[in-house]
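Shown next, in structure tokens, is the structure this report addresses.
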Amino acid sequence: AQKITQTQPGMFVQEKEAVTLDCTYDTSDQSYGLFWYKQPSSGEMIFLIYQGSYDEQNATEGRYSLNFQKARKSANLVISASQLGDSAMYFCAMREGGSYIPTFGRGTSLIVHP
Amino acid sequence: ETGVTQTPRHLVMGMTNKKSLKCEQHLGHNAMYWYKQSAKKPLELMFVYSLEERVENNSVPSRFSPECPNSSHLFLHLHTLQPEDSALYLCASSHSGTGESYEQYFGPGTRLTVT
């Protein structure tokens with residue numbers, strides 16, 4: 001079974017609207033961490049946000065927030081007030097308790113329309 | 001220099017050439033990674049070096065050879081590559097503990113074309 005599943009290969013959003021990118025994960029560990037990265041067309045992966053499995057509050061970083069639903073094993077990324085510069089690939093990743101090495105999903109392509 | 005740097009940014013090589021990719025991190029991290037990213041394929045972890053261990057993906061062909069002389073530098077030596085090895089090669093670094101977020105920081109990548 002895949003550890004990280006991103007079911008949306010491509011998403012489109014209008015500028016200034018909010019968008020949710022889906023991520024579900026599979027682990028039997030109690031301690032784990034979830035990450036989101038952005039990869040613009042230039043290629044460099046950029047860390048956006050982190051959620052620890054014991055964190056009770058959803059993580060937020062500026063316009064990014066992580067909608068963490070532990071029982072459903074989902075960690076969706078919400079981008080508020082989309083900007084043209086948000087157009088990129090977005091990757092969800094998980095680090096399980098016993099390892100520092102993350103597992104990545106296949107990514108979701110986001111295109112922001114003006 | 002700050003963050004993670006990679007050289008060269010672009011590389012075109014023939015199947016009989018030998019070349020090396022270089023990665024350097026200035027973040028005080030103790031783990032470094034090589035990833036391969038091909039079009040329409042998942043990100044593939046190739047090698048990891050940390051203070052404690054070297055981890056390698058057993059599916060990586062022996063024509064890729066990593067070298068990590070210290071915690072700040074990582075190389076990927078390439079020889080007798082195949083056209084299917086054309087891809088974006090990303091280097092990353094992080095702390096190697098498991099108690100904190102320890103996110104990865106990536107370099108800009110080397111776009112490799114094998115002719």
Next on the checklist: I need the residue from B:A92, B:G109, B:G107, B:S94 with the largest number of non-hydrogen atom pairs under 4.5 Å to chain A.
Outcome noted: B:G107
Checklist entry - Going by heavy atoms in the side chains, are B:Q37 and A:Q39 under 4.5 Å from each other? => result yes
Checklist entry - Can you tell me if A:Y100 and B:S50 form a side-chain donor-acceptor pair at under 3.5 Å? => result yes
Checklist outcome for this item: Taken to the nearest 0.5 Å, the spacing of B:R9 CZ from A:S42 OG works out to 7.5 Å
Item to check | Transitive ILVMFWY side-chain link B:V48 to B:W34, under 4.5 Å | outcome: no
Next on the checklist: For the NZ atom on A:K73, are there more than 12 heavy atoms of other groups (residues, nucleotides or ligands in this structure) within a distance under 6.0 Å?
Outcome noted: yes
Next on the checklist: Between A:I79 and A:M89, is there shared hydrophobic-cluster membership here, with clusters defined by ILVMFWY side-chain heavy atoms closer than 4.5 Å?
Outcome noted: no
Checklist entry - To the nearest 0.5 Å, how far apart are CG in B:L43 and CE in A:M45? => result 5.0 Å
Next on the checklist: Taking side chain as everything from C-beta outward and backbone as N, CA, C, O, which of these in A:Y32 sits under 4.5 Å from a heavy atom of chain B? Side chain, backbone, both or neither.
Outcome noted: neither
Next on the checklist: Surrounding NZ of A:K70 (heavy atoms of other residues, nucleotides or ligands, distance under 6.0 Å), is the total greater than 12?
Outcome noted: yes
Item to check | same_hphob_cluster(B:L45, B:L74) at 4.5 Å side-chain heavy-atom cutoff | outcome: no
Checklist entry - Heavy atoms, side chains only, cut-off 4.5 Å: are A:I101 and B:Y33 in contact? => result yes
Checklist entry - What pair of heavy atoms forms the shortest contact from B:E103 to A:F35, and how long is it? => result CA-CE2, 3.6 Å
Next on the checklist: Test of understanding: clusters of I, L, V, M, F, W, Y form through side-chain heavy atoms closer than 4.5 Å, transitively. Do B:Y89 and B:V114 belong to the same one?
Outcome noted: yes
Item to check | Aromatic ring proximity B:Y35/A:F104, centre distance under 6.0 Å | outcome: yes
Next on the checklist: For residues A:L34 and A:Y50: do they belong to one hydrophobic cluster (side chain heavy atoms under 4.5 Å, members Ile, Leu, Val, Met, Phe, Trp, Tyr)?
Outcome noted: no
Next on the checklist: Can you confirm whether more than 12 heavy atoms, excluding those of A:E56, are under 6.0 Å from its CD atom?
Outcome noted: no
Item to check | Toward chain A, the part of B:V4 with a non-hydrogen atom under 4.5 Å | outcome: neither
Item to check | Heavy-atom pair with the smallest gap, counting every atom of B:P42 and A:R106 | outcome: CG-NH1, 3.3 Å
Item to check | Interchain contact, B:Q6 with chain A, by part (heavy-atom threshold 4.5 Å) | outcome: neither
Item to check | Portion of A:Q51 that has a non-hydrogen atom of chain B nearer than 4.5 angstrom | outcome: neither
Next on the checklist: Heavy-atom count check: over 12 atoms from other residues, nucleotides or ligands less than 6.0 Å from A:Q30 CD?
Outcome noted: no
Next on the checklist: As an exercise: rank A:P102, A:G33, A:G107 by heavy-atom pairs under 4.5 Å with chain B and give me the winner.
Outcome noted: A:P102
Item to check | Which atom of B:F106 lies closest to which atom of A:E44, heavy atoms considered | outcome: O-OE2, 3.3 Å
